[in-house]
Amino acid sequence: MTDKNKNLFELSQKFIPGGVNSPVRAFSSVGGTPIFFKKGMGSRLWDENDKEYIDYINSWGPMILGHAHPEVIKAVQEIAKNSLSFGAPTSKELEIAEMLVKLVPSMEQVRLVSSGTEATMSAIRVARGFTSRDRIVKFEGCYHGHADALLVKAGSGALTFGQPSSAGVPKDVAKHTHTLAFNDNEGLEKCFSEMGNKIACVIIEPIVGNMNLILPNINFLKKLRQLCTQYGTVLIFDEVMTGFRVALGGAQELYGVTPDMTTLGKIIGGGLPVGAFGGKKDIMQNLAPLGPVYQAGTLSGNPVAVAAGLKTLKLIQEPNFYQKLSLMTEKLVDGMADAAEKNGIKFSARSVGGMFGIYFRDTPPNSFDEIMDSDRTKFNKFFHYMLKQGIYFGPSAFEAGFVSAAHTEKDIKETIDASYKAFESLND
Ligand SMILES: *Cc1c(COP(=O)(O)O)cnc(C)c1O
């Protein structure tokens, strides 16, 4: 049988750099050929060879309802009949803005964009305009999209490829970005005492999902909130991944720490390109046309994308949605940890909401250094053993995993059974 994935990947490399439109998709870190998908339904995917998979990537987060949810598809089809774009306001934008403001504790006003990258890039621009300061602070291993100022010691693909800081970013731009260690209160206090009144904003993934899954110490988030307030620094929670993923109100609701601004993406587009940034009204009012901070987008608030997002946001507000999702995700990680233990494999795992991390080390990591200290060779082998059995995990030891509301007990059981075999094979 010919492997269509392989043929397509070879041809793609002729026309697309590396054969992919986003680096992690290339499987460079785990080796082998990326899968070309042609269909998804609920928790399942089918590739070009008609092989079936249980999906734990969820398009990197957005597909929290599973693939091709009938109501989301219907909403998209209906709105598409009335034109795909106007470049002018629509009532749907108002509807989704109202909903975001209602659901996200820190948001008083919000503006829509078309990706998470645009959201974070625009948020730091507003923060800089609002404070009249240039410096920004981020944390090592956190990924905030690929804008110049934020591609400094970044996570996700940047980390996977060992290029956390990108070529092509001028030193003059990068010099304004200061990077601290996540969960390190001392480093944080030192930074603020040295230059707190020069820092425009601190941007952080309150729960990190881009150096695998790392949870914050609550004291660390509280200290960060206190220092930002004390020094007039805008605190930005980048919840592009965690928003509507770990809880309805995101990590800020879960930890009870409210930032000044929040960036969103992924789930709020339900699989279509939508991002958003918002926060306190006095900050957001600095945006054009009201204020001096320019920001714009031809397709911002696109009606079709917003329709998919709105329907998704409505469906996730059903009673017990997050309880069920969390429980299913816990079952998965507990079952896999158990399977590893029975095979004597050094392994740990954890979850929060519909998001999980698996680690080839004894205990779940709490810092960048600890995640770097996990067995990547074992992960890569495990990944391929699972893939062969039709289980699709992120192709890098630095990515978090995602469970959707479409995942069933049967999916979880099949995955745990497959993991048992994979762990067993690691001992060969
Ligand atoms: C995915 C992600 C982004 C970037 O979003 P894109 O839509 O890929 O541009 C930014 N921040 C975080 C935390 C993300 O997970």
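In each ligand, atom 1 is the first atom listed, and ligand 1 is the first ligand listed.
Annotation: the span from Lys346 atom NZ to Asp362 atom CG amounts to 5.0 Å, rounded to 0.5 Å. Distance check, rounded to the nearest 0.5 Å: CZ of Phe379 to CG of Asn212 gives 8.0 Å.
Contact atoms of ligand 1 toward Tyr143: 11 (N), 12 (C), 13 (C) (distance under 4.0 Å to a heavy atom of the residue). Ligand 1 places these atoms under 4.0 Å from at least one heavy atom of Ser115: 7 (O), 9 (O). In summary, the atoms of ligand 1 found under 4.0 Å from a heavy atom of Gly116, numbered by their order in the structure, are 4 (C), 5 (O), 6 (P), 7 (O), 9 (O).
Note on ring orientation: taking the six-membered ring where Trp is involved, the planes of Phe393 and Tyr56 are tilted (angle from 30° to 60°).
Across every non-hydrogen atom of Thr233 and Ile199, the tightest pair is OG1-O, 2.9 Å.
Ranking protein heavy atoms by distance to atom 9 (O) of ligand 1, first place goes to Thr117 OG1, 2.6 Å.
For the pair Asp238 and ligand 1, the shortest N or O to N or O distance falls below 3.5 Å. By the 3.5 Å distance cut-off applied to N or O atoms, Val240 is not counted among the residues near ligand 1.
No cation-pi contact links Lys38 to Phe36, judged by a cut-off of 6.0 Å to the six-membered ring centre and 45° from its axis.
Salt bridge Glu414/Arg44: present, at least one basic N to carboxylate O contact under 4.0 Å.
For the pair Lys266 and ligand 1, a heavy-atom separation below 4.0 Å is found.
Protein non-hydrogen atoms do reach within 4.0 Å of atom 7 (O) of ligand 1.
More than 12 heavy atoms of other residues, nucleotides or ligands sit less than 6.0 Å from atom CZ of Phe86.
When heavy-atom distances to ligand 1 are checked against a 4.0 Å cut-off, Glu205 comes that close only through its side chain, counted from C-beta outward. Neither the backbone nor the side chain of Thr263 comes within contact range of ligand 1; no heavy atom lies under 4.0 Å.
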